[in-house]
Amino acid sequence: MDTLSLACVTWNVETTWPEQDLHTLLGVRKDPIIKRGLDDTLPDLYFISLQEVKSQPQNVVMDALFEEPWTSALREVLSPHDYVRISSERLQGIVTNVFVKRKHLAHVRDIHTTVVRTGLGGLWGNKGASCVRFCLYGCSMCVVNSHLAAHDSGYKERVDNFNTIVDTTEFPVSETSNILYHDYVFWMGDMNFRFEPHMTSDAIARMVTKENWSGLAESDELKKAQRTGDAFSMLIEGDLNYPPTYKYLEGTSMYDFSRRPAWTDRILYQVHVDAYDNVKLGVEQTGYSALHSYTQSDHKPVTANYTIKVFANHEERCVRFQAVGTWLVGEGGQFNLTLDSDVTTSPWDYISIYKVDFSAMHEYITYMYLPQQPPASSSERSFQLRFNDELLQHAGMYRLVYYSGKYSCYLGMSDPFPVLSQA
């Protein structure tokens, strides 16, 4: 087995724009000193969940035309470190993003997203979940970003929200149609669980001053829900060793006692250790903290870090590009690719051209569909193709990426190749 590292981030941004610098949030240097793609101290994946992103009608319309501002700001920070955003899902203000290091892109399989509305009895998306699932190196993963019912009196509704999300989320992959069927689940968000009613604001504040985290945890409603089996009992959470993350006076790290402080913002996980014969999956949590330097919201962001086990040298449904030669601006060029025997093509398979340092899958310059006639050699399943495209107008380094419409993922990526200006 191999190991991968991942970072989870959750933050209720309270309808603010990305005003503060996000490098500390993501744990990356502002000015990378290590050559692109070679900084092995950074995680292999980022799962980033936001709640209360601006979702008024005009914002939703603009975000449909242009990248949502928070997503754009996150990508701007991660791009210099060789990350690519492979998927995003949004339910009104609930925004989920998944980034992977570029070297893993061609090993991601079966990307699917979905949302569940729980607001107003399931009619409104101000509460609910946005989810992303995929496989990487043979292991299935599901990322859940949820915003559950609010207020001190909302415990039962929060429990109902959780069970609705579990019961109604469905993915078009038979083995992992349900969230909890995945090898790995990372569930995060503004869960909105409070402390039990007997805990007054003053009592909570005294425990925070004394850093009596275990005493606070005994009265935490999410822990209660796990103990009783009401909700989250199948998921695991690291120790809570930081102050409650809600509610703060904006621009400060002082509590706003118009609400009782609470650990509303949480990150939990599940792993099916014995999902496969003769091997054991596993999660090791290496960090769990809140970042109190962020003051633009009445919530503090929470981060968690993990290492997980995946299959070593795992390959499935691969498309392999031969070395691409030199192309010319305005003319394109020729390339060759081979499909492994377990790849089934569809009319929606295509090959895209990207700049070498692309950081999101929507950044392609142009594309062509895979011809549906049999390849020249049916035994080798090889194609010799050519881009004749005037859209390629700038000299530089580029890559080709193969997208599978059947598998909803990227089965292959070429090495960088040059496009030169014509003499």
Side-chain angles (χ1 to χ4, degrees), residues 8 10 12 47-53 55 87-98 110-135 139-194 220-237 263-275 281 283 304 408:
C8 296
T10 184
N12 182 321
F47 302 153
I48 304 174
S49 65
L50 303 174
Q51 306 85 42
E52 292 194 20
V53 174
S55 58
S87 188
S88 182
E89 183 57 279
R90 177 172 189 169
L91 172 63
Q92 288 184 212
I94 306 170
V95 177
T96 308
N97 282 294
V98 174
D110 304 309
I111 305 169
H112 297 283
T113 68
T114 191
V115 300
V116 175
R117 296 169 176 82
T118 61
L120 294 178
L123 299 175
W124 191 240
N126 64 319
K127 297 293 190 289
S130 64
C131 310
V132 178
R133 68 86 56 207
F134 60 95
C135 292
C139 293
S140 59
M141 306 184 195
C142 186
V143 183
V144 183
N145 172 13
S146 64
H147 193 183
L148 308 184
H151 306 306
D152 279 357
S153 61
Y155 175 82
K156 183 180 183 301
E157 191 175 357
R158 287 186 277 279
V159 168
D160 289 345
N161 287 173
F162 169 82
N163 287 300
T164 296
I165 293 165
V166 169
D167 292 343
T168 63
T169 299
E170 188 171 356
F171 297 103
V173 182
S174 57
E175 300 86 353
T176 54
S177 57
N178 184 276
I179 291 171
L180 300 178
Y181 295 170
H182 290 77
D183 297 331
Y184 294 102
V185 178
F186 294 91
W187 192 314
M188 64 201 87
D190 181 357
M191 312 301 192
N192 257 320
F193 283 99
R194 311 303 168 99
D220 175 70
E221 285 189 340
L222 194 153
K223 298 294 187 187
K224 169 190 170 183
Q226 290 182 301
R227 289 192 301 269
T228 61
D230 286 345
F232 292 100
S233 58
M234 65 293 292
L235 288 111
I236 299 168
E237 183 179 25
W263 277 314
T264 54
D265 310 279
R266 312 290 277 269
I267 303 174
L268 302 94
Y269 70 90
Q270 175 188 265
V271 53
H272 288 292
V273 174
D274 297 311
L281 303 182
V283 174
S408 301

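From a predicted model like this one, the values you see are computed outputs, not experimental measurements.
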Restricting to non-hydrogen atoms, name the atom on [X] and the atom on [Y] that form the minimum distance, rounded to 0.1 Å.
| X | Y | value |
| --- | --- | --- |
| Cys139 | Leu281 | SG-CD2, 3.9 Å |
| Asn192 | Ala149 | CB-O, 3.1 Å |
| Cys131 | Ile179 | SG-CD1, 4.4 Å |
| Gln51 | Asn145 | NE2-OD1, 2.9 Å |
| Leu180 | Val185 | CA-CG2, 4.4 Å |
| Leu91 | Gly125 | CG-O, 3.5 Å |

Look up atom [atom1] in [X] and atom [atom2] in [Y], then write down how far apart they are to the nearest 0.5 Å.
| X | Y | atom1 | atom2 | value |
| --- | --- | --- | --- | --- |
| Ser177 | Arg133 | OG | CZ | 10.0 Å |
| Ser49 | Met188 | OG | CE | 5.0 Å |
| Leu235 | Ile267 | CG | CD1 | 12.5 Å |
| Tyr269 | Ile236 | OH | CD1 | 4.0 Å |
| Asn161 | Lys156 | CG | NZ | 10.0 Å |
| Thr118 | Ile94 | OG1 | CD1 | 7.0 Å |

*asked:* Between Met141 and Asp183, does the side-chain contact (heavy atoms from CB on, under 4.5 Å) criterion hold? Intermediate values first, please.
replied: CA-CA 6 Å; Met141 306 184 195; Asp183 297 331; over 6 Å; no
Contact check, side chains of [X] and [Y], non-hydrogen atoms, under 4.5 Å:
| X | Y | answer |
| --- | --- | --- |
| Leu148 | Lys127 | no |
| Phe193 | Trp263 | no |
| Leu268 | Leu222 | yes |
| Arg194 | Thr264 | yes |

Self-check item: Donor-acceptor side-chain pairing of Gln92 and Asn126 below 3.5 angstrom
Solution: no
Check Asn97, Thr96, Thr114 against Ser130 for a side-chain hydrogen bond (donor to acceptor under 3.5 Å, both in side chains) and give me the one that passes.
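With Ser130 as partner, Asn97, Thr96, Thr114 yield a single side-chain hydrogen bond (donor to acceptor under 3.5 Å, both in side chains), made by Thr96.
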Given the options Asp190, Thr10, Asp220, Arg266 meets side-chain hydrogen bond (donor to acceptor under 3.5 Å, both in side chains) only with Asp220
Q: Take Phe171 and Thr176 through the side-chain contact (heavy atoms from CB on, under 4.5 Å) test and state the conclusion after the steps.
A: CA-CA 7 Å; Phe171 297 103; Thr176 54; 5.6 Å; no
Item to complete: Give me the ring orientation class for Phe47 and Phe134: parallel if the planes are under 30° apart, tilted from 30 to 60°, perpendicular past 60°.
Response: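 Because their plane-to-plane angle is over 60°, the rings of Phe47 and Phe134 count as perpendicular.
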Exercise. Is the Phe162 ring parallel, tilted or perpendicular to the Phe232 ring (thresholds 30°, 60°)?
Worked result: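 Rings of Phe162 and Phe232: tilted, 30 to 60°.
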Could you check whether Arg158 pairs with Glu221 (Lys NZ or Arg NE/NH1/NH2 to Asp/Glu carboxylate O, under 4.0 Å)? yes
Using side-chain contact (heavy atoms from CB on, under 4.5 Å), reason through Lys223 and Glu237 one step at a time and then give a plain yes or no. CA-CA 9 Å; Lys223 298 294 187 187; Glu237 183 179 25; 3.1 Å; yes
